[in-house]
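Computed from a predicted model, the values in this text were never measured in an experiment.
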Amino acid sequence: MKTKLLFLSTILFSFSISAQIDFEPHITDDDTGGTNGANSVFAADLDGDGDMDMISASGNDDKIAWYENTDGLGNFGPQQIISETALGATSVFAADIDRDGDVDILAASSLDDTIGWFQNNGQGTFGPRQIISTIADGANSVYTTDADGDGDMDVFSVSAFDDKIAWYENINGQGSFGPQQIISTDFDYPLDVVAGDIDGDGDMDILSGGRYNNSRVAWFKNTNGQGNFVFQQELTTDISFSRGAILADIDGDGDLDIAAVSRIYPQDRVIWFENTNGQGNFSNTPNTIALLTNNASPETLYAKDFDNDGDLDIAVGTYYNGLSWFKNNGSGSFGAQQIIDSDVDDIQAIFPADVDADGDQDLLMAAGTSDRIAWHKNTNGQGNFGPANILADINGANGVINVISVDLDGDGDKDILSALENDNRIAWQENLDGQGTFSELLTIATIDNPLSVFVGDIDGDNDMDIFAASGSGKVVWYKNLDGNANFGAEQIINTEVYPSVIYAVDIDNDGDLDVFSTSDSAKIYWQENIDGLGTFGPQNIIMEGSLYTGALSTADIDNDGDKDLITAYWETTDTVAWLENIDGQGNFGPIQAISTTVVAPDSVYAADFDNDGDMDVIATSYGTDEIIWYENTDGQGTFGSEHIITSTADGAFNVFSKDLDNDGDTDLVCAAWRGHEVIYYLNDGSGNFNYQQTIATNFKSASCVMADDFNNDGKMDILASAFAADEIIWFENKGPLGIEENSESLFSLYPNPTNGLLNIKSITPVSEITIYNNLGQFLFTSEEKDQVNISSLSKGIYFVKIKDENGQTETKKVIKK
């Protein structure tokens with residue numbers, strides 16, 4: 001039995017009906033304009049100007065997009081997004097679905113099991129997705145041709161999780177499709193489908209194959225020319241883990257042969273099977289196109305005449321060894337491998353097209369883990385391909401593990417600093433207007449596997465410099481050269497085995513910032529800033545042993561005027577502990593355990609949670625989904641029993657504390673890694689925290705949170721990052737949400753849930769009604785003042801904001817059935 005894994009990459013921001021603060025999301029960086037998990041690529045003239053534009057599907061950002069060929073020579077404009085709600089977008093195809101003379105787009109998306117199409121207005125403006133089917137379980141590939149001989153474009157699909165090959169009739173020729181018609185459910189994890197007249201009888205047959213158990217490629221005969229498909233022949237010899245199969249006249253005899261890629265350890269193969277009589281009788285003994293070395297893992301292939309000699313050559317995309325092609329001698333014998341691009345991984349799709357209108361075939365490419373949409377120019381018409389022309393890559397926040405709010409450019413507002421682990425860089429975003437409008441990511445430094453960053457004035461020149469810990473084995477800092485966020489070269493503090501956390505504070509009370517770090521060599525240490533200019537002394541080891549340290553923080557735990565150390569580590573017993581700075585000079589006493597009941601503690605923080613004048617400690621327990629605070633009972637570092645704030649923060653990972661509601665006490669915000677959430681809890685001033693308030697859901701692998709005022713309105717906003725979603729977002733603190741469960745209701749709204757029409761009652765006249773989706777995005781303003789019609793909206797959760805003539809407002813959560 002196969003298990004279907006659902007990773008919903010669309011971010012759905014949920015404003016809890018019990019929330020006490022209204023937080024509005026502002027995306028500061030994602031993959032908009034880029035691509036994350038590129039799966040498919042296609043070329044067609046979308047804007048009717050006579051040249052080839054490019055279309056792409058990418059699964060990790062749920063995106064269908066196109067790129068205009070602006071001059072007909074392969075200079076492409078910026079990415080134009082068609083949809084960002086095709087969950088797990090896997091495949092695109094272009095054809096005139098509605099017979100209006102322009103090219104529409106067909107798409108498959110695996111995480112919402114959907115086959116759909118987007119109507120083109122003839123100029124590259126696309127309408128919303130029109131659903132063909134939502135029962136293609138793990139929809140993986142889509143293809144269109146006239147299956148039933150009535151002159152319009154029908155649709156074929158394969159779906160990997162239900163092992164299904166199916167087709168859908170275009171019943172009116174205008175894009176209204178009939179029910180799913182099943183061709184086969186007998187293929188284990190089918191990934192591709194193509195059509196062609198395999199048996200020479202004038203109608204469209206289909207070819208598909210299964211990737212896993214009983215790997216095979218087979219074709220299905222269109223028995224009556226009207227879409228009645230029956231199994232005809234399967235090919236199994238030398239086929240294993242086959243990702244792709246195509247129909248092409250490989251030997252130049254006028255019929256369609258079959259070519260396929262196959263992984264058979266230890267030799268990866270590209271092979272073809274001859275259509276021996278032109279009627280679909282295939283030899284089960286394959287002909288070898290290529291034996292690929294170095295565990296290339298071929299993924300996809302395409303046949304086209306790349307060298308203009310009149311026969312079909314073969315291009316192959318692999319997982320590990322890039323893109324290449326093989327020259328055909330005209331009868332199905334192929335020459336040596338010719339490398340096009342060896343610097344790209346996981347090529348999911350290739351497609352030939354004359355991109356630059358010079359009469360030869362260029363190559364388009366979609367690479368999954370390389371997150372790249374690109375094309376290679378056929379420079380001489382003979383298969384000499386130039387370097388990749390990249391249309392889109394993952395130039396956003398790729399693997400953001402750490403974010404910090406700080407004024408890097410000295411203009412008085414808060415910018416954002418981030419460590420991008422998968423991108424191997426440290427970057428910042430400028431707060432352009434002091435209101436929370438942020439620039440694109442600006443690279444500060446390239447560094448292998450950055451795991452942690454910290455900021456402070458290292459060299460005493462009154463601007464913010466940067467510390468960083470690299471998982472490749474070094475702790476470094478970067479000087480802010482002019483106070484305007486122009487940074488100097490890397491300056492090494494030490495070379496350590498896998499430093500994981502970095503922190504800076506004046507630990508020896510000499511007026512400059514010293515640096516703390518942890519390492520996988522099982523120690524915590526600090527280094528003195530010996531001259532106040534960023535020259536660091538040797539390691540002063542605080543702790544070492546068989547431990548993995550996940551967190552560091554400092555605070556004056558014992559009220560003696562210096563900074564003590566708080567840490568969490570995993571050893572035989574997972575521990576939250578503090579160590580006293582005995583003399584204020586950085587000489588630390590023994591470990592004083594605060595708790596040994598946590599499981600995989602990843603974050604610690606100190607604040608006065610009960611307003612008694614001393615520093616308490618809060619920690620996350622990733623393994624038990626708990627957020628816990630510990631009371632400093634005597635102000636001297638004697639900690640009482642644990643106060644469990646929650647045990648439902650799924651994978652509690654990072655925690656930060658600030659006064660979110662301006663009531664004078666310290667509240668809490670948390671990133672829940674496994675639960676993909678950003679959540680917060682309000683404090684009553686005595687350390688009693690209310691129930692969980694959710695700011696963001698489906699925020700994949702939420703990795704870091706903090707709070708600061710990004711728009712200078714005096715309220716604490718929340719900054720968060722998501723490692724797997726490659727997102728940096730800040731949530732504007734709009735103040736009390738004002739929904740009826742939290743205050744005396746000014747307005748009533750019914751029925752709720754509703755099929756469409758909502759009635760509104762108010763004591764005072766209503767002046768304005770606005771409707772928002774659950775992303776917090778404005779949808780429309782109601783013309784009526786006593787009712788709202790949302791019948792045109794799809795099923796889901798919406799928010800209706802009502803304002804009366806006195807300026808009083810309430811926001812109501814409604815459910816559209």
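Using a 4.5 Å cut-off on side-chain heavy atoms (C-beta onward), I447 and K474 make contact. Looking at D709 and M716, their side chains come closer than 4.5 Å, going by heavy atoms from C-beta outward. Here the side chains of R372 and T35 are not in contact, with every heavy-atom distance at 4.5 Å or above. The closest side-chain heavy-atom distance from Y67 to S56 is below 4.5 Å. Looking only at side-chain heavy atoms (C-beta outward), D625 and S647 stay at 4.5 Å or farther from each other. Looking only at side-chain heavy atoms (C-beta outward), D415 and D407 come within less than 4.5 Å of each other. A heavy-atom distance below 4.5 Å is found between the side chains of W428 and D409. Side-chain contact between F516 and I507: present, with at least one pair of heavy atoms (C-beta onward) separated by less than 4.5 Å.
Note: W673 CH2 to D650 CG = 13.0 Å, rounded to the nearest 0.5 Å. A distance of 7.5 Å separates CG of D602 from OH of Y622, quoted to the nearest 0.5 Å. Atom OG1 of T620 is separated from atom CD1 of I645 by 11.0 Å, given to the nearest 0.5 angstrom. A distance of 11.5 Å separates CD1 of I416 from CG of L442, quoted to the nearest 0.5 Å. The structure places CD of Q693 at 11.5 Å from CG of L668, a figure rounded to the nearest 0.5 Å. Once rounded to the nearest 0.5 Å, the distance linking CD1 of I802 with CD1 of I760 reads 4.0 Å.
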Exercise for the section: Any chance you could lay out the side chain to side chain contact (heavy atoms under 4.5 Å, CB included) test for H676 and S701, step after step, and finish with the verdict? Expected result: CA-CA 5 Å; H676 311 307; S701 301; 4.2 Å; yes
Practice task
For side chain to side chain contact (heavy atoms under 4.5 Å, CB included), just list the numbers for R425 and L441, CA-CA rounded to whole Å, side-chain angles, deciding distance to a tenth of an Å, and then say yes or no.
Solution key: CA-CA 10 Å; R425 63 174 174 149; L441 280 163; 4.0 Å; yes
Practice task
Report the C-alpha distance between D112 and R129 in whole Å, list the side-chain angles of each, state the deciding distance to 0.1 Å, and finish with yes or no for salt bridge (charged side-chain N to carboxylate O under 4.0 Å, His left out).
Solution key: CA-CA 13 Å; D112 56 11; R129 179 167 62 171; 3.1 Å; yes
Handout entry: Check against side chain to side chain contact (heavy atoms under 4.5 Å, CB included), F609 and S657
Key = CA-CA 9 Å; F609 294 113; S657 189; 3.3 Å; yes
Problem - Full working for side chain to side chain contact (heavy atoms under 4.5 Å, CB included) between L417 and I444 - result: CA-CA 9 Å; L417 175 69; I444 293 171; 3.6 Å; yes
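Heavy atoms only, all atoms of each residue included: T554 and L565 are closest at CG2-CD1, 4.2 Å. Nearest heavy-atom pair, V604 versus A568, reported as atom, atom and distance to 0.1 Å: CG1-CB, 3.7 Å. When every heavy atom of F118 is checked against every heavy atom of G127, the shortest pair comes out as CD2-O, 3.5 Å. The shortest heavy-atom contact between V705 and F656 is O-CB, 3.7 Å. Taking both residues in full, the closest heavy atoms of N683 and D663 are given as O-OD2, 3.6 Å, listed atom of the first, atom of the second, then distance. For the pair P499 and V475, the tightest heavy-atom approach, listed with the atom from each and the gap, is CB-CG2, 3.8 Å.
Under a cut-off of 6.0 angstrom, the local environment of NZ in K785 is crowded, with over 12 non-hydrogen atoms contributed by other residues, nucleotides or ligands. Residue-environment remark: NZ (K715) exceeds the threshold of 12 foreign heavy atoms within 6.0 Å.
With hydrogens and angles ignored, the 3.5 Å screen pairs a side-chain donor or acceptor of T518 with a backbone N or O of V501. A distance-only check finds a donor-acceptor pair linking the side chain of N529 to the backbone of G534 [under 3.5 Å]. Not a single donor-acceptor pair under 3.5 Å links the side chain of T437 to the backbone N or O of L432. Using a distance-only test at 3.5 Å, with no hydrogens or angles considered, a donor-acceptor pair links the side chain of N480 to the main chain of M464. Remark: the backbone N or O of L111 is not paired with any side-chain donor or acceptor of S109 at under 3.5 angstrom. A donor-acceptor contact shorter than 3.5 Å is absent between the side chain of S452 and the backbone of N402. Side-chain atoms of N39 come within 3.5 Å of backbone N or O of A89 as a donor-acceptor pair. Judged purely by atom type and a 3.5 angstrom limit, D665 has no side-chain atom pairing as donor or acceptor with the backbone of N611. Between the side chain of D667 and the backbone N or O of D659 there is no donor-acceptor pair closer than 3.5 Å. D717 contributes a side-chain N or O that, together with a main-chain N or O of N733, makes up a donor-acceptor pair within less than 3.5 Å.
W477 pairs with exactly one of I493, I502, V455, L513 by the side-chain contact (heavy atoms from CB on, under 4.5 Å) rule, that one being I493. Partner of K479 under the salt bridge (charged side-chain N to carboxylate O under 4.0 Å, His left out) criterion, chosen from D461, D465, D457: D461.
Note on ring orientation: taking the six-membered ring where Trp is involved, the planes of F710 and W730 are tilted (angle from 30° to 60°). Between F467 and F454, the angle of the ring planes lies from 30° to 60°, which puts this pair in the tilted group.
In this structure D506 satisfies the salt bridge (charged side-chain N to carboxylate O under 4.0 Å, His left out) test with no other residue, sequence neighbours excluded. Applying the salt bridge (charged side-chain N to carboxylate O under 4.0 Å, His left out) criterion to D512, with sequence neighbours excluded, gives no partner residue.
Of the N and O atoms on the side chains of Q491 and Y478, not one donor lies less than 3.5 Å from an acceptor on the other residue. For the residue pair Y681 and Q692, a side-chain donor N or O sits within less than 3.5 Å of a side-chain acceptor on the partner.
By the 6.0 Å and 45° rule, R674 does not stack over the aromatic ring of F653.
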